[in-house]
**Student:** 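Submitted below is the structure of interest, expressed as structure tokens.
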Amino acid sequence: MAADNNNSTGLKYIIKKKQKAKRNVHPFQRDTKTKKVSKVIRFDDSDKDHLVSVERLKGENSLTYKSLKNRASDLLKVRKALPVYHHKREIMSYIESNPVTVLIGETGSGKSTQIPQFILEQLYDKKKHGSIAVTQPRRVAAINLATRVSQEHGCKLGDQVGYSVRFDNTTTAKTRLKYLTDGMLLRELMMNRDLKEYNVVIIDEAHERTVLTDLILGFLKSLIKGSRPDLRIIVMSATLQAEKFSEFFNNAPILFVEGRKFDVTQYYLKAPTDDIVDAVIRCCIQINQGEQLGDILCFLPGQEEIDKAVTIMEKIAKYVSDETPVPLIVPYPLYAALPPMQQVLVFAPIKGFKRKVIFSTNIAETSVTISGVKFVVDSGLRKVKVWRHQLGLATLLTVPISQASAMQRSGRAGRESEGKSFRLYCESDYLKLPEQSEPEIARSDVTSPVLMLKRYGINDLVNWSWFENPGKEAIVMGLQELYELGALDTRGKITKRGEQMALLPLQPHLSSVLIKASEIGCLSQVIDIVSCLSVDNLLLNPSPEERDEVNERRLSLCNAGKRYGDLIMLKELFDIYFYELGKGQDSNSERNDWCKGLCISSRGFKNVIRVRDQLRVYCKRLFSSIDEENEEVRKIGEDRDEISKILKCFLTGFINNTAIGMPDRSYRTVSTGEPISVHPSSMLFLNKSCPGIMYTEYVFTTKGYARNVSRIELSWLQEIVTSGTAVAKQKIASSK
DNA sequence: GAGCACTGC
């Protein structure tokens, strides 16, 4: 590939007039009778950009009262310079006189740090009791915001201002302003249905439309219509979707807060391209030749495309900079399954006459911010998981992004200075894109939300105050799943088992496995396996060169796993990590080296231990059946009976995720008879001798794959079903 | 022969 690329792939750009990366807010600026107000308030600063790193702050926890106050008064000067301060009274008067306020402002407009403090001051002034909850979709955001705001407030983290996320709760009895993940607030709703400790609940980043935020919105609506008419609600969102939030809450007023961003010039392709990796590479080379220094962030749909782009770029970068006097391009991949060691490389600034080019998935769209980016190259594609209720199957699809998402991606070029965004599609195609991405709840398995609603005491789920109704079919499938797991009775009422399942921080299927394990006495071992399963990206993907080597090492370590599959392998790995390694002085480095050799995430394994600790505490409370003694015995051996017992526990939760071996050595699912293949990452990929398999996940990519696969005997199916529900029995019978 | 992104009393 040559640097001269004005050729047939159509990579010539038409310059568009300069436009802001953010969307114009006009559609909402009209005043109507129902929309009581429209305010445009300009911020000169952005909140999350000036957040200090948590590590640094934790070291400062020993600060004296006086120095805390001094720092707060320094910060107050900065805060007072924010234009939002001048509009404080107006904003507060709307919040005060309306049960629900929708506050529109971009991420980084200052709303997340300042508005909660205004409300806190008001609570102090009026000598009111109660506190404020601010929800965030991500843990890091909750932690960073609470840390910053506690400084501004002049208190230690956990005094008046604190945060609560899984495994980490800094709040105390003194805390009046609490930043928490939306999952945490839902947990609180399960325990304390009226949220009576809160005067005000703020839902931040509501435009991201995660399943959990959508659920919270539904719960809040039913609360203000029912037992908490006094509760104040503020929905904070980026510019779009304001009207949807407003309409949902009885035409709540919408306030606008503008954030400052730098101009981003938009470029489009003249003609569409059919090879997106090639187009991205060519675009980067072109930027490198014609543009000033500054890093490039490229959005590609998935790992496959990213690895390919990195490989190509590595090959041509040196050649290009040798031939012409341009910066040397240094390519980096970025995606969630990448080993953390490689992920951090992306953030280190580059020295010399070089240019960083980051090839990233959607992870860089909201979750991760990289400084130094001046150029964005957008493939216009992403991967989404879409749940098929009828098939119990997740499909992973590559689809065009929405306009909102395209704008979010472009905005990544304008965070520190003016930037440029290159969209590798035509402007006419951009205009055809949907305005918004489909909300997650519309394409997800809702078994877990349905269980939450049942536990909350909702009977008529179809007509509940869903912010987005996932549809009757999805709800009915959820109800049936829960009935089959024994969480609901024949009338759809939650059972004692269902109550226990709802309290465990696991998906219902895994909760049900845990309960079964406690009944038949293998809880400790099953907790270890479930803990591994509930950590994402524990087993990382080895690079192609070391793949065979790593697989060989894993196989040789896990004798039982080789025969019985991935669940047993996880337990074997856990046993080595937990019982054999890390006893000596160099425990940490010993464990890290071991993880590295097997391409296991050591951060992931630390999370496994935290999940395990939490599950053990919950189980002790729920079933009081964990035997603290004989801990060594909990290691798994190659005892056939013990392994069968453990796998049968899993079978009670995943009876519908089973397939039977055919004479031609393929597998067909028990429930639908569809062909299914063992995923190549599985221990059982090469094992062709299983009478049947059970899996925790069924994903369709190029074909239907079973992931986390275990060997099962066909007689077990009958055995489990005889002790199970009538519905499942019928399914097995009809599949024969 | 293959892996979008988050998250939980």
Side-chain angles (χ1 to χ4, degrees), chain A residues 135-142 164-169 171 180-193 205 208-213 215-216 299-307 333-338 360-368 379 381-386 394-399 401 405 408 437 440 443-444 448-449 451-452 455 500 502-508 510-511 534-544 547-548 551 599 607 610-611 614-615 617-618 621-622 677-682 685-686 697 699-708:
Chain A
T135 72
Q136 296 291 324
R138 280 169 292 280
R139 292 161 47 99
V140 273
S164 167
V165 300
R166 192 182 190 185
F167 308 127
D168 196 0
N169 182 358
T171 63
L180 72 178
T181 48
D182 37 21
M184 260 340 220
L185 187 69
L186 272 173
R187 286 285 142 191
E188 291 190 4
L189 266 160
M190 294 298 105
M191 307 311 292
N192 160 20
R193 45 179 302 120
E205 312 285 4
E208 287 191 24
R209 302 293 313 276
T210 69
V211 173
L212 301 184
T213 1
L215 284 174
I216 289 177
F299 288 97
L300 281 162
Q303 185 179 335
E304 191 188 335
E305 293 84 356
I306 289 166
D307 288 343
L334 180 63
Y335 44 81
L338 200 69
S360 171
T361 59
N362 243 357
I363 192 170
E365 195 179 298
T366 49
S367 308
V368 155
S379 67
L381 299 170
R382 64 169 183 152
K383 281 197 174 181
V384 284
K385 213 174 197 173
V386 179
T395 49
L396 205 48
L397 305 171
T398 301
V399 298
I401 58 173
S405 182
Q408 175 72 21
S437 310
E440 195 188 6
R443 49 180 175 83
S444 302
S448 190
L451 181 60
M452 270 186 209
R455 147 86 204 186
Q500 293 178 324
L503 296 181
L504 287 164
L506 293 168
Q507 62 161 118
L510 288 175
S511 300
S534 54
V535 170
D536 283 339
N537 300 316
L538 179 63
L539 299 190
L540 301 161
N541 313 317
S543 64
R547 190 175 61 198
D548 291 336
N551 282 344
C599 208
N607 281 329
R610 296 205 282 186
V611 175
Q614 189 183 37
L615 289 177
V617 171
Y618 286 16
R621 228 180 283 161
L622 284 174
S677 310
V678 174
H679 194 273
S681 64
S682 169
F685 177 63
L686 295 170
E697 218 188 338
V699 190
F700 195 97
T701 51
T702 47
K703 56 180 176 174
Y705 283 108
R707 310 199 61 179
N708 295 321

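To find a chain, count down the sequence lines: A is the first, B the second, and so on, and within it residues start at 1.
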**Student:** Is a side-chain donor or acceptor of A/Ser379 paired with a backbone partner of A/Phe299 at a separation under 3.5 angstrom?
**Tutor:** yes
**Student:** Would you say that A/Tyr335 contacts A/Ser360 through its side chain, given a criterion of any heavy-atom pair below 4.5 Å between the two side chains?
**Tutor:**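 Counting from C-beta outward, A/Tyr335 and A/Ser360 never come under 4.5 Å.
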**Student:** Could you work out, with salt bridge (Lys or Arg N to Asp or Glu O under 4.0 Å) as the rule, every residue matching A/Arg455, not counting sequence neighbours?
**Tutor:** A/Glu499
**Student:** Once you apply a heavy-atom cut-off of 4.0 Å, does A/Asn551 come out as touching a base, just sugar-phosphate, or nothing?
**Tutor:** base
**Student:** My understanding is that only residues two or more places apart in sequence, or in another chain, count here; which of them pass ring-ring contact (aromatic ring centres under 6.0 Å, His included) with A/Tyr705?
**Tutor:** A/His679
**Student:** Under 4.0 angstrom, heavy atoms only, what part of the nucleic acid is A/Arg139 near: base, sugar-phosphate, or nothing?
**Tutor:** sugar-phosphate
**Student:** Just call it for A/Glu440: base, sugar-phosphate, or nothing, with non-hydrogen atoms closer than 4.0 Å on any strand.
**Tutor:** base
**Student:** Could you tell me whether A/Ser681 contacts a base, only the sugar-phosphate backbone, or nothing, with contacts defined as non-hydrogen atoms closer than 4.0 Å?
**Tutor:** base
**Student:** Under 4.0 Å, counting only non-hydrogen atoms across every strand here, what does A/Leu504 touch: a base, just sugar-phosphate, or nothing?
**Tutor:** base
**Student:** In terms of the nearest nucleotide of DNA chain B, which residue is placed more toward the 5' end: A/Ser367 or A/Glu188?
**Tutor:** A/Ser367
**Student:** Who pairs with A/Glu188 by salt bridge (Lys or Arg N to Asp or Glu O under 4.0 Å), at least two apart in sequence or on another chain?
**Tutor:** A/Lys178
**Student:** Base, sugar-phosphate, or nothing for A/Phe167, non-hydrogen atoms under 4.0 angstrom?
**Tutor:** nothing
**Student:** Counting any heavy atom closer than 4.0 Å, what does A/Leu212 reach on the DNA or RNA strands: base, sugar-phosphate only, or nothing?
**Tutor:** nothing
**Student:** How would you label the contact of A/Asp536 with the nucleic acid (heavy atoms, under 4.0 Å): base, sugar-phosphate, or nothing?
**Tutor:** base
**Student:** For A/Glu697, give me all partners under salt bridge (Lys or Arg N to Asp or Glu O under 4.0 Å), at least two apart in sequence or on another chain.
**Tutor:** A/Lys385
**Student:** Over all strands shown, is A/Arg382 touching base, sugar-phosphate only, or nothing at heavy-atom distances under 4.0 angstrom?
**Tutor:**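 Touches nothing.
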**Student:** Check every strand shown and say whether A/Leu540 touches a base, only sugar-phosphate, or nothing at a heavy-atom separation below 4.0 Å.
**Tutor:**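 Touches nothing.
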**Student:** Can you name the side chain to side chain contact (heavy atoms under 4.5 Å, CB included) partners of A/Leu540, sequence neighbours left out?
**Tutor:** A/Pro339, A/Pro340, A/Asn537, A/Cys599, A/Ser601
**Student:** For chain A and DNA chain B, what are the first and last nucleotides along the strand, 5' to 3', with at least one atom under 4.0 angstrom from a heavy atom of the protein chain?
**Tutor:**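 Range of nucleotides touched by chain A: B/dG1 to B/dC9.
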**Student:** Over all strands shown, is A/Ser534 touching base, sugar-phosphate only, or nothing at heavy-atom distances under 4.0 angstrom?
**Tutor:**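 Nothing, no nucleic acid heavy atom in range.
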**Student:** Is A/Asn362 touching bases, backbone alone, or none of the nucleic acid, heavy atoms closer than 4.0 Å?
**Tutor:**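 The residue A/Asn362 makes no contact with any strand.
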